[in-house]
Visitor: 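Could you have a look at this structure, given as C-alpha cells, before my questions?
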Amino acid sequence: QVSLVESGGGLVQAGGSLRLSCAASRRAFSEHAVGWFRQAPGQEREFVATISRSGGTTEYADSVRGRFTVSRDKDKNTVYLQMNSLKPEDTAVYYCASKRTILTYPPIIQPGSYDNWGQGTQVTVSS
C-alpha cells in the first residue's frame with residue numbers, strides 16, 4: 001500500500017501547459033505501474049495515460065496523445081504528467097493511481113485495475 005499525492009494543477013489559458021506530479025510515500029513505488037485519470041463534472045472517470053513500472057511502456061488516450069507525456073523519476077518516487085497545448089475540454093480533476101505488478105506490458109488502462117489512488121488535483125483551462 002502506498003499513499004499518492006498529486007500536485008501541479010491550476011488555472012491556465014488554452015494553449016498553455018501544466019505539469020502534474022504524483023508523489024508516492026514509499027520507495028516500493030518503483031514496483032508499481034501508474035495511471036493518470038480525469039473526471040469532469042457529471043462525467044465518468046476516464047483514462048488519460050499510464051506508465052509501466054520500468055517506464056518503458058506508456059499509453060495515452062486518443063484525446064491527449066501528442067499533447068501529454070507521462071514520465072517517472074524513480075529516485076524521487078514521482079510520476080509526472082506534462083500537459084501541453086491544453087484545451088478547455090481538458091478541464092477536470094486529475095487523479096493518479098498505482099498498482100503493484102511484475103508486468104511491464106500490457107498497459108493498464110482500466111481504473112478498476114488500480115489499487116491506490118490520490119486525492120486529485122483540479123485542472124481548469126480557460127478559453
Side-chain angles (χ1 to χ4, degrees):
Q1 188 81 6
V2 295
S3 297
L4 305 176
V5 178
E6 303 97 333
S7 62
L11 173 64
V12 63
Q13 289 187 332
S17 298
L18 285 174
R19 188 178 77 161
L20 305 184
S21 298
C22 174
S25 59
R26 296 178 57 194
R27 186 161 296 277
F29 194 48
S30 63
E31 300 173 358
H32 290 226
V34 177
W36 284 97
F37 296 81
R38 66 187 182 187
Q39 188 166 19
Q43 298 187 21
E44 294 187 352
R45 190 167 299 188
E46 66 172 353
F47 167 75
V48 175
T50 185
I51 187 166
S52 64
R53 54 177 282 170
S54 68
T57 300
T58 58
E59 184 60 76
Y60 299 92
D62 289 342
S63 58
V64 307
R65 186 174 289 113
R67 299 188 297 123
F68 290 12
T69 302
V70 60
S71 62
R72 67 190 304 160
D73 186 330
K74 292 187 176 182
D75 290 337
K76 295 183 178 180
N77 293 338
T78 301
V79 169
Y80 303 99
L81 184 68
Q82 178 67 44
M83 307 187 295
N84 299 329
S85 302
L86 283 162
K87 305 175 181 180
E89 50 264 44
D90 294 319
T91 295
V93 177
Y94 283 70
Y95 299 89
C96 68
S98 78
K99 175 183 176 61
R100 186 172 184 266
T101 177
I102 63 173
L103 301 177
T104 58
Y105 190 86
I108 304 172
I109 65 173
Q110 297 298 328
S113 297
Y114 287 91
D115 303 313
N116 309 294
W117 289 83
Q119 82 290 347
T121 185
Q122 176 70 47
V123 171
T124 303
V125 184
S126 63
S127 57

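Along the sequence shown, residues carry numbers from 1. Computation of the quantities below employed the complete heavy-atom set of this structure, encompassing side-chain atoms and omitting hydrogens, waters and symmetry-equivalent molecules.
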Visitor: I need the Phe68 CZ to Thr58 OG1 distance, nearest 0.5 Å.
Guide: 14.0 Å
Visitor: Locate the shortest heavy-atom distance separating Pro88 from Ala14; write the atom from each residue and the value.
Guide: CD-CB, 4.1 Å
Visitor: For Arg26, does the CZ atom have more than 12 heavy-atom neighbours from other residues, nucleotides or ligands under 6.0 Å away?
Guide: no
Visitor: If we only count heavy atoms from C-beta on, is the Arg53 to Leu103 side-chain gap below 4.5 Å?
Guide: no
Visitor: Enter the distance from Tyr60:OH to Phe47:CZ here, rounded to the nearest 0.5 Å.
Guide: 9.0 Å
Visitor: Side chains of Asn116 and Ser98 only: does a donor on one sit below 3.5 Å from an acceptor on the other?
Guide: yes
Visitor: Do the side chains of His32 and Lys99 get nearer than 4.5 Å, heavy atoms only?
Guide: no
Visitor: Look up atom CZ in Arg27 and atom CG in Asp75, then write down how far apart they are to the nearest 0.5 Å.
Guide: 6.5 Å
Visitor: To the nearest 0.5 angstrom, please state how far the OG atom of Ser17 sits from the CE atom of Met83.
Guide: 8.5 Å
Visitor: Do you reckon Tyr95 sits in the same ILVMFWY cluster as Leu18, going by side-chain contacts under 4.5 Å, direct or chained?
Guide: no
Visitor: So, applying side chain to side chain contact (heavy atoms under 4.5 Å, CB included) with Val79, which one of Leu20, Asp73, Val34 is it?
Guide: Val34
Visitor: With a 4.5 Å heavy-atom cut-off, do Val70 and Thr50 have their side chains touching?
Guide: no
Visitor: Measure from the side-chain N and O atoms of Thr91 to the backbone N and O of Val125, and report whether any donor-acceptor pair falls under 3.5 Å.
Guide: yes
Visitor: Within the 4.5 Å heavy-atom criterion, are Arg65 and Glu59 side-chain neighbours or not?
Guide: yes
Visitor: Which heavy atom of Ser21 sits nearest a heavy atom of Thr78, and at what distance?
Guide: CB-CG2, 4.1 Å
Visitor: Honestly curious: do Ile51 and Tyr80 fall in one hydrophobic cluster under the side-chain, below-4.5 Å linking rule?
Guide: no
Visitor: Give a yes/no verdict on a cation-pi contact between Arg72 and Phe29, requiring under 6.0 Å between NZ or CZ and the six-membered ring centre and an angle within 45° of the axis.
Guide: yes
Visitor: In Å, rounded to the nearest 0.5 Å, how long is the span from SG of Cys96 to CG of Leu4?
Guide: 4.5 Å
Visitor: Is the side chain of Thr57 donor-acceptor paired with the backbone N or O of Thr104 at a distance under 3.5 Å, no angle test?
Guide: yes
Visitor: Are more than 12 heavy atoms, taken from residues, nucleotides or ligands other than Lys74, located less than 6.0 Å from that residue's NZ atom?
Guide: yes
Visitor: If Ile, Leu, Val, Met, Phe, Trp and Tyr residues are connected whenever their side-chain heavy atoms lie under 4.5 Å apart, and connections chain through other members, are Val93 and Val12 in the same group?
Guide: no
Visitor: side-chain contact (heavy atoms from CB on, under 4.5 Å) for Tyr114 and Phe37? Distances and angles first, verdict last.
Guide: CA-CA 11 Å; Tyr114 287 91; Phe37 296 81; 3.6 Å; yes
Visitor: Are the charged groups of Asp90 and Lys87 less than 4.0 angstrom apart, N to O?
Guide: no
Visitor: Under a 4.5 Å cut-off applied to non-hydrogen side-chain atoms, are Ser63 and Arg38 in contact?
Guide: yes
Visitor: Can you check whether Glu6 reaches Tyr94 side chain to side chain, under 4.5 Å on heavy atoms?
Guide: no
Visitor: Using 0.5 Å steps for rounding, measure from the OG atom of Ser71 to the CZ atom of Arg19.
Guide: 7.0 Å
